Amino acid sequence: MERISSFIKYTSIVLCLLSIQSCSAQSQLIADEKETVSVENLQYYLYFPKEYEEAKKDKLPLLLFLHGGGEAGGTLEDLKTNGPPKLLAEGKEFPFLILAPQNPYKTKWWNTRAIMQLLDTIIASNRVDVDRIYLTGLSRGGGAAWELAVQYPDKFAALAVVCGMTPVPYAAWINKNMPIWVFHGTEDKSIPISESEDMVAKLKEMGYNVTFTKYDGVGHNAWVQAYNTEELYEWFIKQKRSKE
């Protein structure tokens, strides 16, 4: 009996010690703060139309163009492969400034905060009409254009997206007064047309002003036809940011 009593006492002490250790090892939630700094190196092309020099006091519109994944992470010359930079390289003239930054990472999404910092710097140092800033992008750049429209709803006067991934759940965050034009190929295997179809349907359901151009039989390179559509640039130049 004495041995049993001693064993019970010993066991009780061990359990008590384990309980104390368990209590002392409990998780802790600590509130703290750390300022982080992210630096992005963005190369870019900036086009000035002849009107910029002719009208030295007037402010002109600006088109922000975001390229796709194929032009990311290489040389700045790669931007001349598609979209407005390609047209500029071929000699086409536009009635507005064009800002075309390059995503420095081959396999990373666009850094939208860095894009906006660059855009604001260009606006501050040039004669840009802040009520006529247009936004467009293709493929990965099209997805980034949607993202910018969601995050900065009061910044842009018009948006044109070519075969980009869409933020359908956040469609309501986009400025309802901003006209939108969407382009997509029906045979796109990289980013299916359903991405644009669902987004356009959601926007129209909420009363947004959206134009949707589908290219039958066209794959992921819908940007070839989209950016060769002269009406697109005529449409852009007519738009002005609503103050409502």
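In this text the structure is predicted, and so the values were computed from the model without any measurement.
- Within a 6.0 Å radius of NZ in K240, other residues, nucleotides and ligands contribute 12 heavy atoms or fewer.
- Although no hydrogens or angles enter the test, the distance criterion places a donor-acceptor pair under 3.5 Å between the side chain of H67 and the main chain of N103.
- No donor-acceptor pair under 3.5 Å is formed between the side chain of S196 and the backbone N or O of I193.
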Should N175 and D154 be marked as a side chain to side chain contact (heavy atoms under 4.5 Å, CB included) after you check the CA-CA gap, both sets of side-chain angles, and the distance that decides it? CA-CA 7 Å; N175 187 345; D154 300 322; 4.0 Å; yes
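- Between W181 and W235, the ring planes are perpendicular. Angles over 60° get that label, and only those under 30° would be called parallel.
- Screening I174, L159, V200 against V210 for a side chain to side chain contact (heavy atoms under 4.5 Å, CB included) leaves a single residue, V200.
- Annotation: the span from E231 atom CD to T213 atom OG1 amounts to 9.5 Å, rounded to 0.5 Å.
- Placement of L97 and V130 within a single hydrophobic cluster is found when ILVMFWY residues are connected by side-chain heavy-atom separations under 4.5 Å, directly or transitively.
- No donor-acceptor distance shorter than 3.5 angstrom exists from the side chain of R140 to the backbone of W110, with no hydrogens or angles considered.
- Expressed to the nearest 0.5 Å, how far CD of Q117 lies from CD1 of I122 amounts to 12.5 Å.
- Judged purely by atom type and a 3.5 angstrom limit, D78 uses its side chain to pair as donor or acceptor with the backbone of T75.
- When all heavy atoms of C163 and I191 are compared, the closest pair comes out as O-CD1, 3.3 Å.
- Side chain of H220 to main chain of S139: no donor-acceptor pair is present (N/O by atom type, distance under 3.5 Å, no hydrogens or angles).
- For the side chain to side chain contact (heavy atoms under 4.5 Å, CB included) with Y47, the qualifying choice from L63, L88, L62 is L88, the only one to do so.
- Within the model, atoms CG of L118 and CG of N111 stand 11.0 Å from one another, a figure rounded to the nearest 0.5 Å.
- With a 6.0 Å radius and a threshold of 12 heavy atoms from other residues, nucleotides or ligands, Y44 has its OH atom at or below the threshold.
- Atoms CD and CD, on E35 and E33 in that order, are 8.0 Å from each other to the nearest 0.5 Å.
- A donor-acceptor pair is defined here as one N or O able to donate and one able to accept, closer than 3.5 Å; no such pair exists between the side chain of T112 and the backbone of L148.
- For E90 and K86, the salt-bridge test passes: some basic side-chain N is under 4.0 Å from an acidic carboxylate O.
- The pair R113-E40 fails the salt-bridge criterion, with no side-chain N (NZ, NE, NH1 or NH2) lying under 4.0 Å from an Asp/Glu carboxylate O.
- Taking CG of D188 as the start and NZ of K214 as the end, the distance is 13.0 Å to the nearest 0.5 Å.
- The two residues N82 and E71 have their closest heavy-atom pair at ND2-OE2, 3.1 Å.
- The residue from Y227, F48, Y233 that alone fulfils the ring pair (Phe, Tyr, Trp, His ring centres under 6.0 Å) condition with F94 is Y233.
- Note on ring orientation: taking the six-membered ring where Trp is involved, the planes of F183 and Y215 are parallel (angle under 30°, cut-offs 30° and 60°).
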Pair F212-H184, side chain to side chain contact (heavy atoms under 4.5 Å, CB included): steps then yes or no: CA-CA 8 Å; F212 189 18; H184 218 125; 4.1 Å; yes
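- Looking only at side-chain heavy atoms (C-beta outward), P179 and T211 stay at 4.5 Å or farther from each other.
- Between the R241 side chain and the I133 main chain, no donor and acceptor come within less than 3.5 Å of each other.
- Transitive grouping of hydrophobic side chains (ILVMFWY, heavy atoms separated by less than 4.5 Å) brings L119 and V128 into a common cluster.
- Classification of K92 and E230 as a salt-bridged pair holds, one side-chain N sitting under 4.0 Å from a carboxylate O.
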Steps toward side chain to side chain contact (heavy atoms under 4.5 Å, CB included) verdict (M165, W109): CA-CA 12 Å; M165 293 178 65; W109 298 112; 3.9 Å; yes
Test log, rule side chain to side chain contact (heavy atoms under 4.5 Å, CB included), inputs E195 and V182: CA-CA 11 Å; E195 282 281 326; V182 180; over 6 Å; no
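- Note on Y52 and F236: separate hydrophobic clusters, where clusters join Ile, Leu, Val, Met, Phe, Trp and Tyr whose side-chain heavy atoms are under 4.5 Å apart, directly or indirectly.
- The nearest pair of heavy atoms linking L60 to P95 is CD2-O, 4.3 Å.
- Closest approach of A158 and Q239 over heavy atoms only: CB-CG, 3.7 Å.
- Linking ILVMFWY side-chain heavy atoms closer than 4.5 Å, directly or via other members, places Y45 and F96 in two distinct hydrophobic clusters.
- Annotation: the span from K80 atom NZ to L87 atom CG amounts to 13.0 Å, rounded to 0.5 Å.
- Cluster membership check: L76 does not share its hydrophobic cluster with L66, using side-chain heavy-atom separations under 4.5 Å among Ile, Leu, Val, Met, Phe, Trp and Tyr.
- K176 places a side-chain N or O within donor-acceptor distance of the main-chain N or O of M206, the cut-off being under 3.5 Å.
- The shortest non-hydrogen separation linking I237 to P61 is CD1-CG, 3.8 Å.
- Of the candidates L135, L99, L138, L138 is the only one forming a side chain to side chain contact (heavy atoms under 4.5 Å, CB included) with F65.
- At a threshold of 4.5 Å between non-hydrogen side-chain atoms, the residues V161 and T166 do not count as touching.
- Side-chain atoms of Y134 and L232, non-hydrogen and from C-beta on, never get closer than 4.5 Å to each other.
- Y152 does not carry K155 over the face of its six-membered ring by the limits of under 6.0 Å from the centre and within 45° of the normal.
- Annotation for L42 and P104: closest pair CD2-CD, 3.8 Å, computed over non-hydrogen atoms.
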